[in-house]
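Some notes on the structure that comes next.
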There are 2 protein chains.
Amino acid sequence: MALYRQVKHELIADIQSGKFQPGKALPNETELAQRFGVSIGTLRHAVDELVADHVLLRQQGRGTFVGQQDNDRFMYQFFKIEGRDGLREFPQIRLLAFDTARASAEEAQALGLRGAARVFRIENVLSLQGRPVVHDRIALSCTLFARLTRAQFEQRPGTIYELYQRAFGVTVVGADERARAEGADAASATLLQLAEGTPVLRVARVAHTFDRQPAELRISIIDTRAHEFVSSASATP
Amino acid sequence: MALYRQVKHELIADIQSGKFQPGKALPNETELAQRFGVSIGTLRHAVDELVADHVLLRQQGRGTFVGQQDNDRFMYQFFKIEGRDGLREFPQIRLLAFDTARASAEEAQALGLRGAARVFRIENVLSLQGRPVVHDRIALSCTLFARLTRAQFEQRPGTIYELYQRAFGVTVVGADERARAEGADAASATLLQLAEGTPVLRVARVAHTFDRQPAELRISIIDTRAHEFVSSASATP
DNA sequence: AAGTGGTCTAGACCACTTG
DNA sequence: AAGTGGTCTAGACCACTTT
């Protein structure tokens, strides 16, 4: 196996173990290269890939930092809803429910769990400009997020993914999403102040950590009368 | 400006000018490096980025090739509709209409045209497993695609993007997409064999070439009773 | 065997940020 | 001025494909 890949996975391990903390600077490149016993070019090759995945962040003249799942990154990487006019806004989030239950078939499949496994179920409503726009239902493995509490969830200082990262060492690095249109069911219709059956967008997102390990399933029901779901795949400039 | 970026743009220019043909091999890396007067590392840095954008394709031991907009690449990079079971299939495409008209406000804005500019309007129905699933309306600038004919469009051997690439030197390298749910209008409902008002997915895609120059606006109306629109953002393994 | 891309080295110098 | 990442060089050797 290529050397730079080993270095990359050692860096990932150091992040997951908490040796390198989110937001903190790594040692400089020459020191890291010496520590891993590789040349600077090889060390940079490894760091390059982690920077491309938003796991690390380089700033010329300042240093290399462990990426934080803060509001900025959440908005830019995972929150893909914006107004039809293109305006983006940080949503106001209200927690509706927090339970545990046996995983449904869809949850077990998405999260890679056995049929009998238990999951946390969390329900949120997200508002933009004071109006409810998204109804989120989240499922998390009780094994991966052991001892998660409602209080922890409600009183978190930052984003949900920041909580995953700081309290459970789970760094979300990507997501697979599947979208379809459907008529709003009774529950979503009430929450989003719509007539039942109104066309809404349903997005199922499986967020995953390193090696595509699934970490979270989220079903978002979106009122697209004034907002849209955006997705972009663009070349480097 | 960094040297490798200049090299990258010289390579792009050579592809756009037709000096390097789609599907053909480039000269080997040492020769390219000499030709551009840079070291092999710098040449590789430039090629690395073009490979990441799927513009070039490297195969160890064989060479470096100009990426072709063939069926495989189309399916993998731009056709994001698959069955709920995850099955992907190449669609059967039927041309419904081919016209020119003054650009609408939405078309002019998406394609970066003045209000009075003319566009080609093309309408397709895409079928999967013999059933109509997607109603596509495409708008192209008459300036960028000068002298495009209906016959050219109907009798193209490969994908639409392959036609853009071979006949007009337009290499599509990315796309921005915006999705929302709406009730099917009369035209789409008939084509997709739905009741009018049935929830359907509406995806507006602006495909662009190098430097994010817009090349195509496509409005897709998708019947998501058996299919979904997929979108993935994942870290390198 | 010859030719290709893939990896790795050990430096040099530049551009930027901070004290 | 000192410390950081960003770019570039000129080579060596490896892994893979083709002839």
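Proteins get letters first, then strands, A, B, ... in listed order; numbering begins at 1 in each.
A side-chain donor from one of B:Gln68 and B:Arg166 sits under 3.5 Å from a side-chain acceptor of the other. No hydrogens or angles considered: a donor-acceptor pair under 3.5 Å links the side chains of A:Thr236 and B:Asp53.
Distance from the side chain of A:Arg44 is smallest for D:dT7 among the nucleotides D:dT4, D:dT7, C:dT7. Of the candidates C:dT7, D:dT9, C:dT4, C:dT4 carries the atom nearest the B:Asn28 side chain, counting heavy atoms from C-beta on. Side-chain proximity of A:Gln60 to D:dT7, C:dT9, C:dA15: nearest is C:dA15.
When the nearest nucleotides of DNA chain C are assigned to A:Val38 and B:Asp48 by heavy-atom distance, the more 5′-ward of the two goes with B:Asp48. Nearest-nucleotide assignment on DNA chain C puts the 5′-proximal partner with B:Arg58, out of A:Ser39 and B:Arg58. Along DNA chain D, the nucleotide nearest to A:Ile40 and the one nearest to A:Gly61 differ in position, and the one closer to the 5' end is contacted by A:Gly61.
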Salt bridge (Lys or Arg N to Asp or Glu O under 4.0 Å) between A:Arg44 and A:Glu29, worked out: CA-CA 8 Å; A:Arg44 278 188 63 84; A:Glu29 298 189 334; 3.0 Å; yes
Residues A:Gln69, A:Val172; criterion side-chain contact (heavy atoms from CB on, under 4.5 Å); working and verdict: CA-CA 8 Å; A:Gln69 292 288 4; A:Val172 172; 4.0 Å; yes
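Rounded to an integer number of Å, the gap from B:Leu43 CG to C:dT4 C1' is 13 Å. Counting to the nearest Å, the P atom of D:dA2 and the CZ atom of A:Arg62 are 21 Å from each other. Put simply, CD on B:Glu49 is 13 Å from C1' on D:dT7, counting in whole angstrom units. Taking atom CD of A:Gln6 as the reference point, atom C1' of C:dC8 lies 13 Å away to the nearest angstrom. With rounding to whole Å, B:Leu3 atom CG is found 14 Å from C:dC14 atom P. Taking atom CD of A:Glu29 as the reference point, atom C1' of D:dG5 lies 5 Å away to the nearest angstrom. Between A:Tyr4 atom OH and C:dG6 atom C1' there is a gap of 8 Å when expressed in whole angstrom units. Atom CG in B:Leu57 sits about 14 Å away from atom C1' in C:dT4, given to the nearest Å.
When ring centroids are compared, B:His54 and B:Tyr76 come within the 6.0 Å threshold. Taking the six-membered ring for Trp, B:Phe120 and B:Phe145 have ring centres at least 6.0 Å apart.
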Paired and unpaired positions of DNA chain D as dot-bracket, Watson-Crick or G-U wobble under 3.5 Å, | denoting a partner strand: ||||||||||||||||||.
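Contact annotation for B:Thr30: no contact, since no heavy-atom pair falls under 4.0 Å across all strands.
Remark: A:Arg178 engages B:Glu82, B:Glu228 in a salt bridge (Lys or Arg N to Asp or Glu O under 4.0 Å) (not counting sequence neighbours).
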